[in-house]
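All of these numbers come straight from a predicted model, not from anything done at the bench. Atom set for the values below is all heavy atoms of this structure, side chains included, hydrogens, waters and symmetry mates excluded.
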Amino acid sequence: DVSCGLFLQQKPTGSSPAMPGTNCQKAIQLWSEKNEGANPEEAEVVKLLCLSPPIEKMDSSLNQLVNVKHLALSTNCIDKMISLPALKNIEILSLGRNMIKKISGLEEIG
């Protein structure tokens, strides 16, 4: 089980920039490192949950997960879904606890 801490981020004051979100490529790299160097292209379950800083956007780097059956992107700050045509084996796409307002892009997966 994965447990998440709650992180409150205040708006930056002055000229200090806000902390950038984690991009999907970096998230996949961190996942691989935490899973003893597992190859993302061979993985059937990839959980990119509760990242700090959170993932803000889905991007095409997720298409490298060609064998994934379960992709978990829950508890991030994703605001928009994108099409993931390479995920032909997907059975579970978990996107709960994000900021998605419209479900779209599912036509090309699975």
Open item on the list: Using side chain to side chain contact (heavy atoms under 4.5 Å, CB included), reason through D79 and I100 one step at a time and then give a plain yes or no.
Closed with: CA-CA 4 Å; D79 61 356; I100 297 169; 6.0 Å; no
- [ ] For L49 and T75, run side chain to side chain contact (heavy atoms under 4.5 Å, CB included): C-alpha distance rounded to whole Å, both residues' side-chain angles, the deciding distance at 0.1 Å, then the answer.
- [x] CA-CA 6 Å; L49 309 167; T75 315; 5.5 Å; no
For residues 65-72, which side-chain donor-acceptor pairs fall under 3.5 Å, sequence neighbours excluded?
from, atom 1, to, atom 2, distance (Å)
N67, ND2, E41, O, 3.0

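Nearest heavy atom pair, residue W31 against residue V45, reads CZ2-O, 3.6 Å. The shortest heavy-atom contact between L51 and A27 is CD1-CB, 3.4 Å.
Counting only heavy atoms from C-beta outward, the side chains of L62 and I28 approach each other to under 4.5 Å. With contacts defined as side-chain heavy-atom distances shorter than 4.5 Å, the pair M81/I103 qualifies.
Summarising the geometry, atom CD belonging to E56 is positioned 10.5 Å from atom SG belonging to C24; distances are rounded to the nearest 0.5 Å. Going from atom CG of L73 over to atom OG of S94 covers 7.5 Å, rounded to the nearest 0.5 Å. In this structure, CG in L87 is found 10.0 Å from CD in Q64, a value given to the nearest 0.5 Å. How far NZ of K80 is from CE of M58: 11.0 Å, rounded to the nearest 0.5 Å. Rounded to the nearest 0.5 angstrom, L93 CG and L84 CG are separated by 7.0 Å.
Scored by the side chain to side chain donor-acceptor pair (under 3.5 Å) test, S60 finds no partners at all (sequence neighbours excluded). Qualifying side chain to side chain donor-acceptor pair (under 3.5 Å) partners for E36, counting only residues two or more places apart in sequence or in other chains: none.
In this structure, N98 contributes its side chain and L95 its backbone to a donor-acceptor pair below 3.5 Å. For the pair S83 (side chain) and E108 (backbone), a donor-acceptor distance under 3.5 Å is absent. Between the N63 side chain and the S61 main chain, no donor and acceptor come within less than 3.5 Å of each other. Between the side chain of N35 and the main chain of A38, no donor-acceptor pair closer than 3.5 Å is present.
In this structure, I92 is not a member of the same hydrophobic cluster as L106, with clusters built from ILVMFWY side-chain heavy atoms closer than 4.5 Å.
Inspection of the Q25 and Q29 side chains reveals no N or O donor paired with an N or O acceptor under 3.5 Å.
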